[in-house]
Amino acid sequence: MTKKIFFKYLMILFGVTAVVCIIYVGLAFDRFETDLHNSSYRESINEPDTLTIIYNPDCPRCRSVLPRLFLAHAFDSGNEHILEAHKLTSDQKTNLGENLLPTFVYKGEVLETTNYSKINKFWNKSHHSWLHSINRK
């Protein structure tokens, strides 16, 4: 194989990889935006078996965790509610257990951390709880 042909195939491979990466990031962003726009406080309270994420777009702690979380779980099944803290009243925040952002709430359990390992375990518990119940039997 000549150097020109090898270089041509290498560039095609690079281009395809770049397109796949862009699509993947787009899907993760779309999941976040869809969840954000389809979530409400009422749904979060009425569906405690669904993970609720409370964040603020301007929060550096939130920005350090959420993009990585949604990239890692872009293709997971299940739903989550995403609420913007500045759109909630203080009573709503208290009912959800939010004190420090980002806040993750599932089945009455509250997690307020930027520790990705803990958040990832919490996410997996909330999105795969049916799997845990099968394994316990």
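Residue numbers run from 1 in the order of the sequence given.
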Q | Least distance between heavy atoms, Lys118 atom then Leu111 atom | A | O-CD2, 3.7 Å

Q. Hey, is the main chain of Thr103 close enough, under 3.5 Å, to the side chain of Glu98 for a donor-acceptor pair?
A. no

Q | Under 3.5 Å: donor-acceptor pair, side chain of Tyr24, backbone of Leu71 | A | yes

Q. With side chains defined as the heavy atoms from C-beta onward, is the minimum distance between Pro102 and Thr114 less than 4.5 Å?
A. yes

**Q.** Minimum heavy-atom distance between Glu47 and His81, given as atom pair plus value
**A.** OE1-NE2, 2.9 Å

Q: Could you walk me through whether Ser44 and Leu83 pass the side-chain contact (heavy atoms from CB on, under 4.5 Å) test, one step at a time?
A: CA-CA 9 Å; Ser44 294; Leu83 304 175; 3.5 Å; yes

Q) Is it true that Phe104 and Tyr106 fall in one hydrophobic cluster, defined by side-chain heavy atoms closer than 4.5 Å? A) yes

**Q.** Straight-line distance of Thr52 OG1 to Asn79 CG, nearest 0.5 Å
**A.** 11.0 Å

(Q) Using 0.5 Å steps for rounding, measure from the NZ atom of Lys125 to the NZ atom of Lys121. (A) 11.0 Å

Q) Under a 4.5 Å cut-off applied to non-hydrogen side-chain atoms, are Phe70 and Glu33 in contact? A) no

**Q.** Nearest non-hydrogen partners of Ile45 and Asn95, listed with the distance
**A.** CD1-CB, 4.4 Å

Q: Report yes or no: do Phe29 and Val20 belong to one cluster of Ile/Leu/Val/Met/Phe/Trp/Tyr joined by side chain heavy-atom distances under 4.5 Å?
A: no

Q) Is it true that Ile53 and Phe122 fall in one hydrophobic cluster, defined by side-chain heavy atoms closer than 4.5 Å? A) yes

(Q) Working note: Thr89 + Thr94, criterion side-chain contact (heavy atoms from CB on, under 4.5 Å); need CA distance, chi angles, decisive distance, verdict. (A) CA-CA 9 Å; Thr89 66; Thr94 301; over 6 Å; no

Q: Check the hydrophobic clustering (I, L, V, M, F, W, Y; side-chain heavy atoms under 4.5 Å; chains of links allowed) and say if Leu51 and Leu88 are grouped together.
A: no

Q) From Ser40 OG over to Gln92 CD, what is the distance, rounded to the nearest 0.5 angstrom? A) 9.5 Å

Q) Any sub-3.5 Å donor-acceptor pair from Asn124's side-chain atoms to Asn120's backbone N or O? A) yes

Q: Evaluate the ring planes of Phe32 and Tyr55, with Trp represented by its six-membered ring, and classify them as parallel (under 30°), tilted (30 to 60°) or perpendicular (over 60°).
A: perpendicular

Q. Does the side chain of His127 come within less than 4.5 Å of Ser77's, by heavy atoms?
A. no

**Q.** Contact summary for Asn115 and Ser117, nearest pair of heavy atoms
**A.** OD1-N, 3.0 Å

Q) Run the side-chain contact (heavy atoms from CB on, under 4.5 Å) check on His73 and Glu80 step by step: do they pass? A) CA-CA 11 Å; His73 297 284; Glu80 50 281 339; over 6 Å; no

Q. Linking I/L/V/M/F/W/Y whenever their side-chain heavy atoms sit closer than 4.5 Å, directly or via other members, would Ile82 and Val110 fall into one cluster?
A. no

Q. Who passes side chain to side chain contact (heavy atoms under 4.5 Å, CB included) against His86, sequence neighbours left out?
A. Asn56, Pro57, Glu84

Q) For the atom pair CG (Leu10) and CD1 (Ile5), what is the distance rounded to the nearest 0.5 Å? A) 13.5 Å

Q. Are the side chain of Thr34 and the backbone N or O of Arg31 linked by a donor-acceptor pair below 3.5 Å?
A. no

Q.
Please find the pair of heavy atoms, one from Pro67 and one from Cys62, that lie closest to each other, and give the distance.
A. CD-O, 3.9 Å

Q) Considering all heavy atoms of both residues, which atom of Asn38 and which atom of Glu43 are nearest to each other, and what is their separation? A) O-OE1, 3.0 Å

Q.
Using the side-chain contact (heavy atoms from CB on, under 4.5 Å) definition, which of the options Leu101, Ile54, Leu66, Leu100 pairs with Cys59?
A. Leu101

Q | Tyr116 and Trp123 aromatic centres sub-6.0 Å | A | no

Q) How far does NZ of Lys93 sit from CG of Asn99, to the nearest 0.5 angstrom? A) 10.0 Å

